[in-house]
Structure formats: structure tokens, C-alpha cells
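One structure is given below, encoded as C-alpha cells.
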Amino acid sequence: RERPHTPYRADGWRAALERNNLWQKYTDIVQGITLGFRIGFPSLQNTYIPFNSQTMNNYVDEFARMVDHEVSAGRYLGPFTRTQVQELLGPFQTSPISIIPKSHKPGAYRIIQNFSFPREPRAEHSSMNATISVGDFPCTWGTFRTFCTLLSMLPPGSRGAVRDVAEAYRTIPLHPDQWPGAVVRLNGGDRLAIDTAGAFGTASMPGVFGRLADAMVEIMRAEGLGPISKWVDDHVFLQIQVTYLCEFNLLRERCRERIRATGGAQQSGGRLWYRGELLDDGHVEEFDDDMAFPVKDLSGHQESHRGESPFTYGMANIDAISKELGIPWQAEKDRPFATVFVYTGLEWDLVHKMVSLPADKRAKYLGVIKEWNKSQAHTLVEVRSLYGKLLHTTRVLPAGRAYLTNLEVALTIFGNNPHKPHTPPRDTQTDIAWWTNRLNSPIVRHLPTPGKAINLQAFSDASSGVGIAIWISG
């Protein structure tokens with residue numbers, strides 16, 4: 001095959017990058033779209049074809065449908081025999097596949113390839129992830145703290161819209177020299193497919209896709225859209241009213257000056273971020289945007305039908321750039337501009353500056369707890385599932401962190417038997433009861449934003465023989 005299969009338009013990317021003086025920064029993106037991306041897979045010396053997960057026996061028909069879909073989409077090549085693949089690629093390796101249902105979409109499933117298998121390197125072969133360092137594939141993303149900081153800057157009347165890139169990792173074409181590490185073992189004996197696209201489970205894929213998304217977002221910012229933030233394939237577009245444009249851009253410029261003064265871009269593992277000033281509470285300002293581009297008035301200076309100030313840009317501006325680049329937004333997940341929207345599993349209220357856990361999430365988490373309570377022993381997957389959901393909730397309910405300690409201990413007790421049910425620490429159920437009570441009521445908080453610390457001149461001391469003493473302002 002001469003050209004990688006991808007929805008992205010290399011000519012559109014080149015034109016947009018050159019138009020906005022971003023070509024030197026993101027030359028690799030156009031090269032990847034044209035020739036395929038290198039994602040860190042090493043050259044292989046031996047062929048290795050481990051068995052897929054035993055859970056595949058429960059989803060034989062679903063797997064067959066997924067394979068047909070990938071073949072028809074042009075991402076899987078084959079099926080081939082082992083001999084044929086070796087003739088085409090030389091030594092190759094498959095990674096065990098499992099299938100899990102998508103929790104938010106009944107009847108839909110996700111293929112997961114265990115690119116970290118085998119866990120322990122062997123003389124003849126090691127996992128495809130073993131040689132990948134996520135620090136070699138950095139990108140930006142908006143953490144809870146950075147997103148709250150961004151929202152705190154917005155003027156009154158601002159709104160947000162959310163869009164997801166469809167099949168995000170699968171839109172990334174692989175360079176042919178990466179194909180030997182991306183072969184897929186199919187059902188039915190000596191049957192294999194060559195996967196030519198990025199896959200879930202590869203350690204580098206969040207960064208590879210994230211860098212492409214960084215380039216897309218920066219093009220949009222350079223064109224005057226914004227503010228914009230993202231988390232993997234989820235993108236939130238924030239719009240302000242034109243009447244606040246000058247004031248907002250002045251605020252962005254002050255942030256840019258603080259970023260410049262503290263050294264600009266920072267890297268923590270696979271995350272790129274921009275450092276601001278040291279805050280009174282001891283935290284550092286964190287941004288996912290270097291504020292290099294001002295927001296522009298793209299409204300055409302038309303008054304809205306309600307006589308309000310128009311917004312600086314709209315969905316049509318996003319669509320125009322997306323069409324040029326070939327961005328495949330998943331239409332059914334589009335959420336139009338509104339003052340209240342759901343993003344990263346949380347509900348954000350721009351009018352009241354509040355963030356909450358949506359009611360459907362609370363119901364879902366209560367359902368997981370109900371299933372948990374049916375058994376005294378649990379597998380590692382079950383512990384991780386419950387812990388992850390409750391940990392996510394602590395963004396809105398910080399007090400909940402104190403009621404996760406027993407689950408955190410439970411994560412460490414499985415050793416080499418992750419599939420064998422283990423009994424968690426004795427007090428775990430007390431914590432679960434606390435969570436059950438809290439999840440039965442709304443969980444909401446004001447946006448945690450930078451503020452001034454006030455020295456109350458308060459001190460305390462304790463003595464086992466005397467008691468406790470508290471001193472406040474003399």
C-alpha cells in the first residue's frame with residue numbers, strides 16, 4: 001500500500017501550519033500523516049505469537065465483526081498465514097487481545113491489546129511497550145487544576161461546547177517499519193492480520209495522538225479560536241462575548257508574561273505544561289496553553305437575535321478548520337455551546353462557577369458498589385474499577401480521599417494472582433458505606449481557583465499529659 005490510511009489531509013495540515021507560522025514546530029505531523037507515525041516499536045529478531053486472552057471465547061462473534069470492520073476500513077491487512085506475514089515483514093510479534101464491553105454504550109465493545117505482555121522480558125522477546133518511554137512522546141492535556149484555572153479567567157456569559165475525535169487512536173497511521181510489532185492474531189488457527197493504525201494499549205499512543213491534537217488546537221488558537229482545552233480525544237471549546245474580548249486578551253497576555261518569566265514549557269513525564277507564578281497556597285500556576293495567540297473577533301460584528309453581544313466564534317469556525325485538516329468528530333457526541341456542560345465525566349456550571357458529579361454518574365457508581373457488596377472477595381480488576389471511579393469523584397469531593405486508603409491497600413495484595421479473588425482490608429466496608437451515603441446525595445463544589453492566603457496568626461500544640469492548646473492572633 002502506497003499511502004497510509006487516515007482521515008487527515010496532509011495538504012490541509014501543511015497549508016494551515018504554514019499560514020500560522022507553525023510549520024517548523026509541527027513538521028513531524030505532516031510527515032506522520034504522509035508516511036505513517038513511528039510509535040517506539042523496536043525492530044524484531046524473532047517471531048512471537050502468544051495466545052489471545054481466554055475471555056475472547058465469550059466474544060467470538062463480536063471479535064469477528066470488529067475484524068471485518070477494521071478490514072473494510074482499510075486498517076487491517078489480511079488475513080495472512082504466519083509464512084505470508086514473515087515474507088512481507090520479516091520477524092513479527094502479536095500481543096494478546098481481549099475484548100471488554102464499553103460501559104457507556106451497551107452492545108458496543110473495545111479491543112484491548114496487551115502490548116505489555118510478557119511482563120518479564122525473555123531472552124528471545126520482550127513486550128512491545130518494554131522499550132517505550134512516555135517521556136519521548138510528550139503532549140499537553142488539561143488537568144482538573146489547569147481547567148479550573150482556565151474557567152476562573154472566563155468573563156460572565158461564557159459558554160462551552162464539547163467534541164470527541166472519532167476512533168482517535170485508530171486515525172493514526174503507523175509507519176511500515178512499525179507494522180511487525182502490530183500484527184494481530186485472529187481466531188481460526190494460522191490466521192493473522194497486519195494492523196496499520198495506532199491501537200489502545202500502546203504506551204506511546206496518548207502522546208502520539210496528543211501531539212497531533214496539540215497541533216490541531218494550536219492551529220485553531222492561531223486562527224483566533226479559544227480558549228480550548230483537551231483530554232485525550234475530548235476537546236472543550238470555550239467562547240466569550242465580544243464585549244469582553246479586549247479585557248480577556250489583556251488577562252491572557254499577563255498570563256503569558258508570567259509563563260515567560262518562569263521558563264515557559266515544562267515537562268513532567270509525558271505531560272507538557274506551562275508554569276506560571278507561585279501561589280500563596282504553595283501551588284504553582286499551571287496552564288495547558290502558552291497564551292501565545294489572542295482570541296479574535298470572528299463574529300462578523302453581528303448582534304445576536306436577543307440583542308446580546310455576539311460570541312467571538314462559533315461551531316462553524318471550528319468546522320471550517322476541521323474540514324481543512326480532516327478532523328473526524330464523532331457527531332453523536334457533539335455537545336453544543338451552553339453555560340452548563342459535561343466534560344471529563346464532570347458537570348461544569350460557568351454561571352455559578354460550580355463543578356459536580358452528574359446524577360447518572362452517581363447512579364452508575366452506586367450500581368458498582370451494589371455489585372461489590374454481593375461478594376466478600378474481589379479480583380484486582382474489580383478493585384481497580386471501584387477505586388478509579390471513587391478517585392475520580394474526589395475531584396469534586398476532596399473529603400473522600402480519606403475513605404480510599406483501604407482500597408489503596410487492597411490494590412497491593414494480589415501479588416502474581418490478579419485474577420484470584422482476595423478479601424480487602426477489614427475496614428474497607430466502612431469506607432464503602434461512607435461512599436454509599438455520599439453518592440445518594442448531590443456532590444458539588446465551587447471551582448477551586450487561585451486565591452490570596454490570609455495569615456490568621458493561628459497556632460496549635462498538643463500534649464498527652466495536658467491536652468490541646470490553640471492560639472489565634474494573641
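- The pair Arg252-Asp289 counts as a salt bridge, with a side-chain nitrogen and a carboxylate oxygen less than 4.0 angstrom apart.
- Nearest heavy atom pair, residue Ser152 against residue Thr149, reads OG-O, 2.6 Å.
- Rounding to the nearest 0.5 Å places CZ of Arg221 at 9.5 Å from CZ of Phe293.
- Between Ser95 and Phe117, every side-chain heavy-atom pair lies at or beyond the 4.5 Å cut-off.
- Heavy atoms only, all atoms of each residue included: Tyr365 and Lys389 are closest at CE1-O, 3.4 Å.
- Side chain of Lys333 to backbone of Val162: no donor-acceptor contact under 3.5 angstrom is found.
- Between Thr339 and Ser158, the shortest heavy-atom distance links the atoms CG2-O, 3.8 Å.
- Contact of the Phe237 side chain with the Phe337 side chain is registered, since non-hydrogen atoms from C-beta on lie closer than 4.5 Å.
- Residues satisfying the salt bridge (charged side-chain N to carboxylate O under 4.0 Å, His left out) criterion with Arg401, sequence neighbours excluded, are absent altogether.
- Residues Pro173 and Phe37 form a side-chain contact, since some pair of their non-hydrogen atoms from C-beta on lies under 4.5 Å apart.
- Atom-to-atom distance recorded for Leu357:CG and Lys364:NZ is 10.5 Å, nearest 0.5 angstrom.
- The line from CH2 of Trp329 to NE2 of His235 is 4.5 Å long, rounded to the nearest 0.5 Å.
- With salt bridges taken as basic N to acidic carboxylate O contacts below 4.0 Å, none links Arg260 and Glu257.
- In this structure, Thr6 contributes its side chain and Thr171 its backbone to a donor-acceptor pair below 3.5 Å.
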Working note: Ile240 + Leu154, criterion side chain to side chain contact (heavy atoms under 4.5 Å, CB included); need CA distance, chi angles, decisive distance, verdict.
CA-CA 7 Å; Ile240 66 172; Leu154 295 177; 4.1 Å; yes

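- Two residues are said to be in side-chain contact when any heavy atoms from C-beta on lie closer than 4.5 Å; Gln266 and Glu286 fail this criterion.
- Counted within 6.0 Å of NZ on Lys323, heavy atoms from surrounding residues, nucleotides or ligands total 12 or fewer; the atom is thus considered open.
- Around the CZ atom of Arg384, the shell of radius 6.0 Å holds no more than 12 heavy atoms that belong to other residues, nucleotides or ligands.
- The main-chain N or O of Ile97 is found under 3.5 Å from a side-chain atom of Asn52 such that the two form a donor-acceptor pair.
- Residue Arg275 comes nearest to Thr262 through the heavy atom pair O-OG1, 2.5 Å, listed as atom of the first residue, atom of the second, then distance.
- What you find for Gly345 and Pro358 is that their closest heavy atoms are O-CD, 3.3 Å.
- Annotation: the span from Thr202 atom OG1 to Gln113 atom CD amounts to 7.0 Å, rounded to 0.5 Å.
- Residues Val183 and Asp195 form no side-chain contact, since every pair of their non-hydrogen atoms from C-beta on lies 4.5 Å or further apart.
- At distances below 3.5 Å, not a single donor-acceptor pair connects side-chain atoms of Trp179 with backbone N or O atoms of Ile194.
- Between Lys374 and Glu371 there is a salt bridge, since a side-chain N of the basic residue sits under 4.0 Å from a carboxylate O of the acidic one.
- At least one donor-acceptor pair closer than 3.5 Å links the side chain of Glu382 to the backbone N or O of Thr379.
- A donor-acceptor contact shorter than 3.5 Å links the side chain of Thr196 to the backbone of Arg75.
- Looking at heavy atoms from C-beta onward, Met216 lies out of side-chain contact with Ser322 at the 4.5 angstrom threshold.
- A 4.5 Å side-chain heavy-atom check between Tyr26 and Asp214 finds at least one atom pair inside the cut-off.
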Checking Tyr387 against Glu408 for the side-chain hydrogen bond (donor to acceptor under 3.5 Å, both in side chains) test, could you report, in this order, the C-alpha distance in whole Å, the side-chain angles of both residues, the deciding distance, and whether it holds?
CA-CA 8 Å; Tyr387 176 76; Glu408 288 168 349; 2.8 Å; yes

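- Checking side-chain atoms of Asn437 against main-chain N and O of Ala433 turns up no donor-acceptor pair under 3.5 Å.
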Pair Trp141-Arg271, side chain to side chain contact (heavy atoms under 4.5 Å, CB included): steps then yes or no
CA-CA 7 Å; Trp141 66 80; Arg271 179 187 171 220; 3.2 Å; yes

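- A salt bridge is defined here as a Lys NZ or Arg NE, NH1 or NH2 lying under 4.0 Å from an Asp or Glu carboxylate O, and Asp319 with Arg163 meets this definition.
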Let me see the working for Ile318 and Ile327 under side chain to side chain contact (heavy atoms under 4.5 Å, CB included), right down to the final yes or no.
CA-CA 10 Å; Ile318 302 171; Ile327 307 299; over 6 Å; no

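- Of the possible donor and acceptor atoms, one in the side chain of Asp281 sits under 3.5 Å from a partner among the backbone N and O of His283.
- For Arg395, the CZ atom counts as loosely surrounded, since its 6.0 Å shell holds 12 or fewer non-hydrogen atoms of other residues, nucleotides or ligands.
- Using a cut-off of 4.0 Å between Lys/Arg side-chain N and Asp/Glu carboxylate O, Glu347 and Lys361 are scored as not salt-bridged.
- Looking at residues two or more places apart in sequence or on another chain, you find no salt bridge (charged side-chain N to carboxylate O under 4.0 Å, His left out) involving Asp360.
- Ring-plane geometry between His378 and Trp372 is classed as parallel, the angle between the planes falling under 30 degrees on a 0 to 90 degree scale with a further cut at 60.
- Side chain of Gln267 to main chain of Gly135: a donor-acceptor pair is present (N/O by atom type, distance under 3.5 Å, no hydrogens or angles).
- Gln239 places a side-chain N or O within 3.5 Å of a backbone atom of Tyr313 that can act as its donor or acceptor partner.
- Of the inter-residue distances, the one linking Leu346 atom CG with His392 atom NE2 reads 4.0 Å to the nearest 0.5 angstrom.
- Between Phe41 and Ile132, the closest side-chain pair of non-hydrogen atoms falls below 4.5 Å.
- Note that the CG atom of Asp349 and the OG atom of Ser356 stand 7.5 Å from one another [nearest 0.5 Å].
- Remark: Glu332 engages Lys105, Gln330 in a side chain to side chain contact (heavy atoms under 4.5 Å, CB included) (not counting sequence neighbours).
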Should Gln429 and Asn406 be marked as a side-chain hydrogen bond (donor to acceptor under 3.5 Å, both in side chains) after you check the CA-CA gap, both sets of side-chain angles, and the distance that decides it?
CA-CA 9 Å; Gln429 282 309 115; Asn406 284 292; over 6 Å; no

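- Between Arg445 and Pro398, the closest heavy-atom pair is NH1-CG, 3.4 Å.
- Centroid-to-centroid, the aromatic rings of Phe147 and Trp348 come within less than 6.0 Å.
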Run Asp288 and Trp231 through side chain to side chain contact (heavy atoms under 4.5 Å, CB included) and show every step you take.
CA-CA 10 Å; Asp288 59 355; Trp231 179 274; over 6 Å; no

